[in-house]
Trainee: 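My structure is below; once you've seen it, I'll send some questions.
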2 protein chains.
Amino acid sequence: MQQLRSYFSKLIKLTDQEWADYADCLVKERFPKKSFLLEEGGSCDFIAFVTEGIFRFYHEVEGEEKITAFFFSGDFVTNYRSFLTGGPSEHYIQVLQDATIYKISKKDLHDLYDKHRSIERLGRLIAENLYLMVAKRLDAFHSSSPEERYYELVNRNSKLLQEIPQYMIASYLGIKPETLSRIRARK
Amino acid sequence: MQQLRSYFSKLIKLTDQEWADYADCLVKERFPKKSFLLEEGGSCDFIAFVTEGIFRFYHEVEGEEKITAFFFSGDFVTNYRSFLTGGPSEHYIQVLQDATIYKISKKDLHDLYDKHRSIERLGRLIAENLYLMVAKRLDAFHSSSPEERYYELVNRNSKLLQEIPQYMIASYLGIKPETLSRIRARK
DNA sequence: TAATTTCGTTGACCAAAGTCAATAAATGAT
DNA sequence: ATCATTTATTGACTTTGGTCAACGAAATTA
């Protein structure tokens, strides 16, 4: 949980009171491998901070699983779209490695937004950061080949490569497992 | 400028005073076709609201222009990444149709964030909305074929199709002009 | 440990998008 | 209105990634 406070402190300085109020809203939960944190159809009414484990965020398109993101220790795990819009999730969040998370509900977070300016600001800063992450990834899809996307991933997140099966990485990159296998075989 | 206030009112209720303070920071500017609102290398220290005209947001990759976005009347025009990070822009923002915008500087906006809670919240809501837009687009790149992306665009933004030359739409879709021409010829 | 399923690689072939070039149509400039 | 430039289309060919199938390696389970 100290992990979360230190994450926040990179964005904004919270007083002890503000942090205490935030921490009061956090609920610790454990999830075993293969279980689901969120299933299709349900609306995502929480944001959670991962302190242990790995998740994948995916949806099904014509019987095929398309993985949009992985979440590791130190990330927020949520269907942010569903969280923001309140609409039903078309995505699943599944546990790949036994996980521990600290959840905060949408309602509690909005109450904190009202109660503390700094937390409202924190909400903005987090939204801005999530924007930056997804914008960067869109850029990679728009401007790079699968091979380039793969090597960019190798350079920036080699941890991911070791933890995640290759066919899921292929899905994340938007290509077929056979193609990723061939990219790796080249040169 | 009433256009902007009505845009805001869909997100949050501002008092007359808050709006007045916001409006005081806005600077009207006109840009002729083909001019640049932002060039590569400069950092983007503003967000602007478009009341007239069209812009394209693009960068150069190996001598080729990749268009990431178009901005129309009623949109915000900015390099949001550069605006948030303060880093230099790798992108250009060029005017496609004579334009009028209302700029607010990063400094003024941050002062307003400090001064009015509602405007801080507005900043969060805008960041959240921009996230939703780019996340949706990433999804399209990840899960859809060029043909599907094209027809999705036809359905949801036929205005764009009439205003923008086809080779720019191709770039926006991540394909070559010849390919878009062939997609249109199919069926 | 043995049996079974899942995962990664490879080959032959297919489909889709890219490249290069020619030409036609549309747009802009004089 | 004419000329020049830019944009859109089409054709022939290449490149890249997808499909389907086979096989072996690795991991899971009994």
Side-chain angles (χ1 to χ4, degrees), chain A residues 32-35 53-54 56 58 60-67 70 92 94-98 138 140-154 158 160-187, chain B residues 32-36 53-54 56 58 60-67 70 92 94-99 137-138 140-154 158-187:
Chain A
K33 195 166 169 172
K34 295 191 180 169
S35 64
I54 305 177
R56 66 171 177 149
Y58 72 97
E60 303 222 349
V61 179
E62 290 157 24
E64 202 182 347
E65 294 177 358
K66 303 276 185 178
I67 298 175
F70 299 102
Y92 300 83
Q94 189 185 27
V95 179
L96 298 180
Q97 301 290 342
D98 291 356
L138 174 59
F141 265 90
H142 197 249
S143 304
S144 307
S145 66
E147 179 161 1
E148 289 168 326
R149 288 201 296 281
Y150 174 67
Y151 284 111
E152 211 257 330
L153 189 65
V154 170
S158 57
L160 189 147
L161 285 263
Q162 283 134 33
E163 305 273 8
I164 309 282
Q166 202 167 300
Y167 75 97
M168 289 191 188
I169 293 171
S171 175
Y172 177 75
L173 293 170
I175 58 181
K176 299 289 153 185
E178 294 96 325
T179 300
L180 179 52
S181 180
R182 288 184 175 112
I183 285 172
R184 285 158 49 84
R186 306 210 262 258
K187 191 180 55 117
Chain B
K33 196 167 169 169
K34 292 188 182 173
S35 64
F36 288 89
I54 305 177
R56 66 170 178 149
Y58 71 97
E60 303 222 348
V61 179
E62 290 156 26
E64 202 183 345
E65 294 178 356
K66 303 274 184 180
I67 299 174
F70 299 102
Y92 299 82
Q94 189 184 28
V95 180
L96 297 181
Q97 302 290 342
D98 292 356
R137 214 158 121 58
L138 173 59
F141 266 90
H142 197 251
S143 305
S144 306
S145 67
E147 178 161 1
E148 289 168 326
R149 289 202 295 281
Y150 173 66
Y151 284 110
E152 211 258 329
L153 190 65
V154 169
S158 58
K159 181 181 111 198
L160 189 147
L161 285 261
Q162 284 135 33
E163 305 271 8
I164 310 280
Q166 202 166 300
Y167 74 97
M168 291 191 185
I169 293 171
S171 174
Y172 176 76
L173 293 171
I175 57 180
K176 301 287 153 185
E178 294 95 325
T179 300
L180 179 53
S181 180
R182 287 185 174 112
I183 285 172
R184 286 159 47 85
R186 304 210 264 258
K187 190 183 56 112

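By convention in this document, chain letters (A, B, ...) are assigned in the order of the sequence lines, proteins followed by strands, and residues within each chain are numbered from 1. The model shown is predicted, which means the values in this text are computed figures rather than measured ones.
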Trainee: Using heavy atoms to find the nearest nucleotide of DNA chain C for Pro165(A) and Gly174(B) separately, return the residue whose nucleotide is more 5′.
Mentor: Pro165(A)
Trainee: So, Arg56(A) and Tyr172(A): side-chain donor and acceptor under 3.5 Å apart, yes or no?
Mentor: no
Trainee: Show the nearest heavy-atom pair for residues Ile169(A) and Ile164(A), with the distance to one decimal.
Mentor: CD1-O, 3.6 Å
Trainee: In terms of the nearest nucleotide of DNA chain D, which residue is placed more toward the 5' end: Glu147(A) or Glu178(A)?
Mentor: Glu147(A)
Trainee: Regarding Pro146(A), tell me which of base, sugar-phosphate or nothing describes its non-hydrogen contacts under 4.0 Å with the strands shown.
Mentor: sugar-phosphate
Trainee: For DNA chain C, whose closest nucleotide is more 5', that of Lys33(B) or that of Ile183(B)?
Mentor: Ile183(B)
Trainee: Specify the closest pair of heavy atoms between Leu180(A) and Ala170(A), including all atoms of both residues, with the distance to one decimal.
Mentor: CD2-N, 3.7 Å
Trainee: In Å and rounded to the nearest 0.5 Å, what is the OH to OG distance from Tyr151(A) to Ser145(A)?
Mentor: 10.5 Å
Trainee: What nucleic acid atoms does Arg184(A) come within less than 4.0 Å of, heavy atoms only: base, sugar-phosphate, or nothing?
Mentor: sugar-phosphate
Trainee: Check whether any side-chain N or O of His142(B) sits under 3.5 Å from a backbone N or O of Ser171(A) as a donor-acceptor pair, and report yes or no.
Mentor: yes
Trainee: Between which nucleotides of DNA chain D, read 5' to 3', does contact with chain B run, using atoms under 4.0 Å from its heavy atoms?
Mentor: dT7(D) to dA12(D)
Trainee: Got a sec, which residues hit side-chain contact (heavy atoms from CB on, under 4.5 Å) with Thr179(A), two or more places apart in sequence or on another chain?
Mentor: Ile175(A), Lys176(A), Ile183(A)
Trainee: Begin from the C-alpha positions of Tyr167(A) and Ile67(A) and carry the test side chain to side chain contact (heavy atoms under 4.5 Å, CB included) through to its verdict.
Mentor: CA-CA 10 Å; Tyr167(A) 75 97; Ile67(A) 298 175; over 6 Å; no
Trainee: Step by step, would you call Glu163(A) with Phe70(A) a side chain to side chain contact (heavy atoms under 4.5 Å, CB included)?
Mentor: CA-CA 11 Å; Glu163(A) 305 273 8; Phe70(A) 299 102; over 6 Å; no
Trainee: First and last nucleotide of DNA chain C touching chain A, 5' to 3', heavy-atom cut-off 4.0 Å?
Mentor: dC7(C) to dA12(C)
